[in-house]
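Remarks on the structure that follows.
Both ligands and their constituent atoms are indexed starting at 1 by order of listing.
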Amino acid sequence: MGLVQWLKGQLLCHLVICYGFFVSGLLINLLQICTLPLWPINKQLARRINCKLGYSLTSQSVALLEWWSGTEVTLYTDPENYRLYGKENAIVVLNHNFEIDFLCGWTFCDRFGVLGASKCLAKKELSYLPVIGWMWYFLEMVFIKRKWEEDKRNFVQSLQNLRDYPENFWVSHQSTSQLFLLHCEGTRFTEEKHRVSMEVAEKKSLPKLKHHLLPRTKGFWVAVQNLRGTVAAVYCCTLNFRNNETPTLLGVLNGEKYHPDLYVRRIPLESIPEDEAECSAWLHKLYQEKDKFQEDYSQTGCFPGPKVTPPCRPWALINWLGWTCLLLYPLCLLLVQLVNSGSILSILATVAFCAAVSVGVRWMIGQTEIKRSSSYGVPLNNK
Ligand SMILES: CC/C=C\C/C=C\C/C=C\C/C=C\C/C=C\C/C=C\CCC(=O)SCCNC(=O)CCNC(=O)[C@H](O)C(C)(C)COP(=O)(O)OP(=O)(O)OC[C@H]1O[C@@H](n2cnc3c(N)ncnc32)[C@H](O)[C@@H]1OP(=O)(O)O
Ligand SMILES: CCCCCCCC/C=C\CCCCCCCC(=O)OC[C@@H](O)COP(=O)(O)O
């Protein structure tokens, strides 16, 4: 193991990274609160500012994946469609098997210049996550309790809100589009959830899936219906990792390099049925196709179609280094003053603060671990 790789595994480095992420996150949350009075006066400007602030936080984790862990992403897609990515609004349908699938999604978003504006249908619990969840609130992320009767009004309203996002979103950048991510499986893949969902498939006389849970179709249908005229296509995305890698966020923090492969098929929205039952059947068929792609990947190690690596942009790294320098300088000054003061109490308070930041971020990382996945989708308790 080289010196650099050894350093990446050291607690001190992790503390510095976590401190930068957490403190910059709190400052960004504070700036987001400051935009509150702007919303009733100029909503589009408030959205623009919040998306830039959101980018400044989210892209730090992208920088961690790309520059710290050195992870290399590969895209399999039709070159004709590739030209359109980042230039149109789309609904993204993605499998939910990996602890860092959201991070890989963000990396692709960043490469197509749509990271700040992209949204997701997320479980309500994520809105309470410190820093990240609070930021999402201002980005108008769509949160659901995964109980349709309780969710339907708010879900439809949140989707309608997305219809009037500003055109020419970034004044000086090329991006004018946003992606809306849907994990139709509704929860992360575990053996038990898979077994239960295949029992449901059997009852519904649907073919069994090997690599996916049975998709929940209601959210997809409602999203498609409410975003017609706003989004141009559905991107059917299938993610897997080379060499049977099982990536973790902690692994990324330790500097481990992963090799995600993403297969994207673009499906024009007009080709998706409007009727609920037909749309449902269409989604089940899509998941059967996705399952076949995963099975082929497990045999051959690749997806169909030509490979392309979308170019990496420097902004995530520049932003991350900027925050790190800005926040490390006062921290170093404080540490020097502390040592000079010789006050045991102050030194202990500082150590306690650093430990609290580290424990806090470690707890947040824990939320991404599949072993802590909710019991949604297993019997007895549907939550
Ligand atoms: C080019 C660039 C390419 C790529 C870029 C890629 C991606 C990046 C894009 C954007 C990134 C932006 C942000 C992302 C950031 C971070 C967030 C990350 C992740 C958060 C994700 C989550 O939180 S996932 C959890 C929330 N999401 C969902 O739940 C969505 C899926 N669910 C639904 O849609 C549901 O329908 C619902 C929640 C809307 C409602 O659920 P409910 O259960 O109440 O009703 P349903 O009608 O769906 O269910 C009842 C029917 O289900 C049957 N059933 C019962 N048990 C099961 C079972 N175990 N499995 C399957 N089905 C089951 C039941 O029989 C009922 O059937 P009926 O036929 O009777 O209706
Ligand atoms: C400079 C970088 C700083 C590094 C520190 C990074 C710290 C980031 C910490 C946490 C990021 C939290 C992002 C949470 C996104 C998790 C998405 C997710 O996977 O949700 C699960 C949900 O779909 C289904 O839940 P269940 O399977 O039903 O339960």
Q: Would you please determine whether K123 falls within less than 4.0 Å of ligand 2 on a heavy-atom basis?
A: yes

Q | Closest non-hydrogen atom pair between L213 and R188, with its separation | A | CD1-O, 4.1 Å

Q. Does even one non-hydrogen atom of H96 get within less than 4.0 Å of ligand 2?
A. yes

Q: Please work out whether any backbone atom (N, CA, C, O) or any side-chain heavy atom from C-beta onward of F102 is under 4.0 Å from ligand 1, and answer side chain, backbone, both or neither.
A: side chain

**Q.** For atom 22 (C) of ligand 1, the option (of I132, I91, L121) bearing the nearest heavy atom
**A.** L121

Q. Considering only the protein, which heavy-atom contact is closest to atom 20 (O) of ligand 2, and what is its distance?
A. L126 CD1, 3.8 Å

**Q.** Sub-3.5 Å N/O-N/O distance, S374 and ligand 2
**A.** yes

Q: Could you check atom 12 (C) of ligand 2 against the protein and tell me its nearest heavy-atom contact, residue, atom and distance included?
A: L129 CD1, 3.8 Å

Q: Answer with side chain, backbone, both or neither: which part of I144 has a heavy atom less than 4.0 angstrom from an atom of ligand 1?
A: side chain

**Q.** Which segment of Y376 sits under 4.0 Å of ligand 1 when only heavy atoms are counted
**A.** side chain

(Q) Quiz question: by atom type and distance under 3.5 Å, do the side chains of Y85 and T77 form a donor-acceptor pair? (A) yes

Q: Before signing off on this row, confirm whether R372 and ligand 2 have an N or O atom pair separated by under 3.5 Å.
A: no

Q. Which option, V200, L94, L181, owns the non-hydrogen atom nearest atom 11 (C) of ligand 1?
A. L181

**Q.** Which segment of L126 sits under 4.0 Å of ligand 1 when only heavy atoms are counted
**A.** side chain

Q.
Please compare E199, H183, R216 and report which has the shortest non-hydrogen distance to atom 55 (C) of ligand 1.
A. R216

Q. Which bit of K203 is near ligand 1, meaning a heavy atom under 4.0 Å away: side chain, backbone, both or neither?
A. neither

Q) Which pair of non-hydrogen atoms, one from V73 and one from T309, has the smallest distance, and what is that distance? A) O-CG2, 3.5 Å

Q | Close N or O approach (S61, ligand 2; < 3.5 Å) | A | no

Q | Under-4.0 Å heavy-atom contact with ligand 1, by part of K218 that carries it | A | both

Q: State if W68 counts as touching ligand 2 under the rule of any non-hydrogen atom under 4.0 Å.
A: no

Q: Determine whether the side chain, the backbone, both or neither of F143 has a heavy atom under 4.0 Å from any heavy atom of ligand 1.
A: neither

Q: Tell me which part of W106 gets within contact of ligand 1: side chain, backbone, both or neither, using heavy atoms under 4.0 Å.
A: side chain

Q.
So which atom in H212 and which in L209 form the shortest heavy-atom distance, rounded to 0.1 Å?
A. O-CB, 3.5 Å

Q. Considering only protein heavy atoms, which is closest to atom 19 (O) of ligand 2, and at what distance to one decimal place?
A. R188 NH1, 3.6 Å

Q) Closest non-hydrogen protein atom to atom 6 (C) of ligand 2, residue and atom name please, with distance? A) F21 CE2, 4.1 Å

(Q) Could you tell me, atom by atom, which parts of ligand 2 come under 4.0 Å of a heavy atom of R146? (A) 28 (O)

**Q.** ligand 1 contact on P215 by region, counting heavy-atom pairs under 4.0 Å
**A.** neither

Q. Which protein non-hydrogen atom lies closest to atom 1 (C) of ligand 2, naming both residue and atom, and how far is it?
A. W320 NE1, 3.3 Å

